[in-house]
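Inspection log for the structure reproduced underneath, given as structure tokens.
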Amino acid sequence: MLSSKSSNWLHRLRASRGFPDSDHIDLDHFLSSSPHQIHPPKTPPLPHHHKSNDNGSISDLLSDLFHMGADFQPKSRTKKASRKQHCSKICHLSTNSDARVSPSPLPSPLPLPLAASSNHVVEEEDAKALSAYSQTEVTVIDTSVPCWKFEKVLYRSKNVWKLGEKKGKALITTDRNKRLMNDNLHKNKFKKKFKLCTNSSKFNNQGHDQGKMVVANEKKRDHCSQVREKSFGKKQKEEDSTPLFKVLSKVGK
Amino acid sequence: MGPIRGSKKKRKIDFETEEASNDWWNHFSKRLVGSLSPTKDLDQFESIFKVSRKTFNYICSLVSDPMMAKTTNFVFLDGKSMSLNDQVALALRRLSSGDSLIGVANFFGTNHSTVSQVTWRFVEAIEERGLHHLQWPSTEEEITQIKSKFQNIRGLPNCCGAIDTTHIMMLLSASDRTIDVWLDRNDNHSMILQVVVDPDMRFRDVVTGYPGKMDDASVLKKSNFFDLSKKGERLSGKKLKLPEGTEIQEYIVGHSGFPLLPWLITPYQGRDLPETKTEFNKRHFATKLVAQRALARLKDVWRMIHGVMWRPDKNRLPRVILACCILHNIMIDMEDDALDELTLTNQHDSGYRTEFCDIADKNASVSRDKLALYLSGRVAV
């Protein structure tokens, strides 16, 4: 009984929307053959680029402006990420040495004058070639060099060894970068802690609690450095979404 | 090169420092009584520090300024401050005994942290003030002497040095990200030391810090010695003219793991070689032996780099190795009596077989053939 009722309802719906009355619809065929039969519901005259993800944009806006809870995940976040991917200009697809011959998904750039671009191209190729090498930082002593002691980066790929200059962060691996960042944070933390402790001599009576407070402040500060990045991102998003907000508010009116 | 040259005034100062040193040793040896075994003769200064008192005094004078410039006050466990001689003695003991930090600390009556800091300060000081003991010969006279001494070994003319490499073994942490790079062909973790040696077993060029995974030829190619020689800025002195017109440039000798180059002569490879080539190889081997012996002596005297080092700081280790090389040269320059006590061995890298490098320069190959013929007496002078 229930099934006959539901099927009737479905038939009516199909009929009202102009869909063929069958349980096995070849949707692709249908869409390609008779697009004119579909009559989508009328929508407010919004700009085209906001049309497809109204709900997502609004929820984004709301999530940016208000605390929506830990489980809340805006729908359009992933879409934004994919947009960034398409727009990125430098794309290191692979760390293999074959990266140079791998087909690029981007259209090939226009040929530049050789004199202007050759150095850049060589550097890029070197960087790509070296990306296949493992890196080891070494301290080398060579008494034939006037400054007999130097730090180098040794690149290795099987039996091929290349020696590179240690150029600060550029040649430091990500792990080391993170470690350095943490070290710096720790140092800053310590310095700040020391400052606060010395400045807050008038709070000495609070003793242990004061110390805890300082540590808590430092934790907060560390967190802030990350939060700052996030808030910077939010600001950007707010700026990006401001026109949309205006449009939506107009629509609302 | 010898540091004891100069006026009577200098000699007087030397005499005074020697007396002061004797006083220091008389006092200092009492501190060591508890640490020494009863059978050990306390007067055997050399058995503890591996250098004679003369060399010890010279080293103290060499590193005095940089070591005493810093204000850090090192103390023994009884609270007494360490003098310069105490610090040098401690560092020499650490480098030469191969004992652990705690072992050396117990021996001297101090803590291991002090041993570590004093040793590092000494390493920096000897680098700063002693590097002139380790340099490529700069005068024509020096080069001529070296060539003459090499020729006296087994007749190789125009030879300026012998090159060899050794492995400084390490035990690394399994969590070390770069652990594979240090794994050498004998499955040991090691750091490579490449040296060019003169006929007196003095190091003339040192390259170290490269990981054990690299082969000898790769380390050579990365060295500045290679670049200079390739450019003709080294080993570019007087050429030897053979009777039929061939010219042999200055060169060094090395084992088969190195490439055959116009300035680096390696032995003939393969079996059943003709007599001329076999004879050449014998002469070549005898000449090259000085480098092997120098490295064997280095590791024998400065035992810190002899065994397997426990998780060393890989950035500091090359500098410790260099300090040991400088001390090795100082002993030769001072004509140290302690050297007479040492037995000569050729083994510095036990278990490591010679590598074979296929790279051979055509001109070098022709020159080597001419040299082999010349040495066999088939080419008249």
Side-chain angles (χ1 to χ4, degrees), chain A residues 92 94-97 122-123 126-187 190, chain B residues 123-124 127-128 130-136 175-182 185 191-196 203-215 217-229 233-234 312-326 329:
Chain A
H92 295 290
S94 164
T95 54
N96 295 331
S97 56
V122 168
E123 274 177 20
D126 281 351
K128 277 182 183 176
L130 287 175
S131 68
Y133 287 67
S134 67
Q135 295 180 22
T136 312
E137 287 175 18
V138 288
T139 298
V140 176
I141 302 283
D142 191 334
T143 56
S144 286
V145 186
C147 54
W148 43 270
K149 171 189 68 186
F150 38 88
E151 290 184 351
K152 295 270 184 184
V153 178
L154 196 61
Y155 298 91
R156 180 200 164 219
S157 177
K158 291 179 182 174
N159 290 329
V160 181
W161 298 88
K162 289 185 178 182
L163 207 57
E165 293 297 327
K166 192 177 166 184
K167 292 177 192 169
K169 288 177 184 174
L171 289 171
I172 297 173
T173 54
T174 13
D175 286 352
R176 185 161 159 73
N177 241 341
K178 278 181 190 169
R179 248 188 294 136
L180 283 174
M181 234 167 74
N182 286 338
D183 285 352
N184 287 339
L185 279 175
H186 183 74
K187 278 178 194 170
F190 183 77
Chain B
V123 166
E124 287 182 314
E127 275 175 352
E128 188 185 329
L131 204 60
H132 64 276
H133 284 278
L134 200 162
Q135 57 185 5
W136 189 251
S175 62
D176 192 329
R177 282 187 309 115
T178 61
I179 194 164
D180 288 347
V181 179
W182 301 93
R185 62 181 191 271
M191 184 177 281
I192 291 177
L193 165 64
Q194 176 193 283
V195 293
V196 180
F203 298 125
R204 291 297 191 165
D205 185 86
V206 166
V207 176
T208 189
Y210 288 111
K213 183 74 96 185
M214 287 178 83
D215 55 19
S218 300
V219 175
L220 174 71
K221 277 181 191 170
K222 295 280 170 282
S223 69
N224 202 43
F225 188 92
F226 181 89
D227 292 337
L228 292 173
S229 305
E233 291 172 23
R234 186 162 286 180
D313 181 336
K314 294 192 285 293
N315 293 312
R316 284 191 171 192
L317 182 56
R319 298 177 66 182
V320 173
I321 295 168
L322 176 67
C324 292
C325 291
I326 293 170
N329 279 9

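Computed from heavy atoms alone, side chains included, the values below leave out hydrogens, waters and symmetry copies. Chain identifiers are assigned alphabetically (A, B, ...) following the order of the sequence lines, protein sequences preceding nucleic acid strands; residue numbering begins at 1 within each chain.
For B:Ile326 against B:Leu131, the heavy-atom pair with the smallest separation is CD1-CD1, 3.7 Å. Nearest heavy-atom pair across B:Leu134 and B:Asp205 is CD2-N, 4.2 Å. The minimum heavy-atom distance linking A:Lys158 with A:Trp161 is given by the pair O-NE1, 4.4 Å. Closest non-hydrogen pair, B:Pro211 versus A:Leu154, comes out as CD-CD2, 3.4 Å. Nearest heavy atoms, B:Lys314 versus B:Thr178: CE-OG1, 4.2 Å.
Using a 4.5 Å cut-off between heavy atoms, B:Ser223 touches chain A through backbone and side chain atoms alike. Residue contact with chain B, scored on non-hydrogen atoms closer than 4.5 Å, involves the backbone and the side chain of A:Leu163 alike. Proximity to chain A (any heavy atom under 4.5 Å) is restricted, for B:Arg234, to the side chain, taken from C-beta onward. Using a 4.5 Å cut-off between heavy atoms, B:Lys213 contacts chain A through both its backbone and its side chain. Contacts between B:Ser218 and chain A at a heavy-atom distance below 4.5 Å involve the side chain alone, from C-beta outward.
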*When you look at B:Lys222 and B:Met214, which way does the side-chain contact (heavy atoms from CB on, under 4.5 Å) test go after all the steps?*
CA-CA 10 Å; B:Lys222 295 280 170 282; B:Met214 287 178 83; 3.8 Å; yes

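In this structure, the separation between CZ on B:Arg204 and CD on B:Gln135 is 7.5 Å, given to the nearest 0.5 Å.
Counting heavy-atom pairs under 4.5 Å between each of B:Lys221, B:Arg316, B:Glu127, B:Met191 and chain A puts B:Glu127 at the top.
When atom types are taken as modelled, the side chain of A:Thr139 and the backbone of A:Glu151 share no donor-acceptor pair closer than 3.5 angstrom. Although no hydrogens or angles enter the test, the distance criterion places a donor-acceptor pair under 3.5 Å between the side chain of B:Asn224 and the main chain of A:Ser144.
Residues of residues 317-325 of chain B lying under 4.5 angstrom from chain A, judged on non-hydrogen atoms, are B:Pro318, B:Arg319, B:Leu322 in numerical order.
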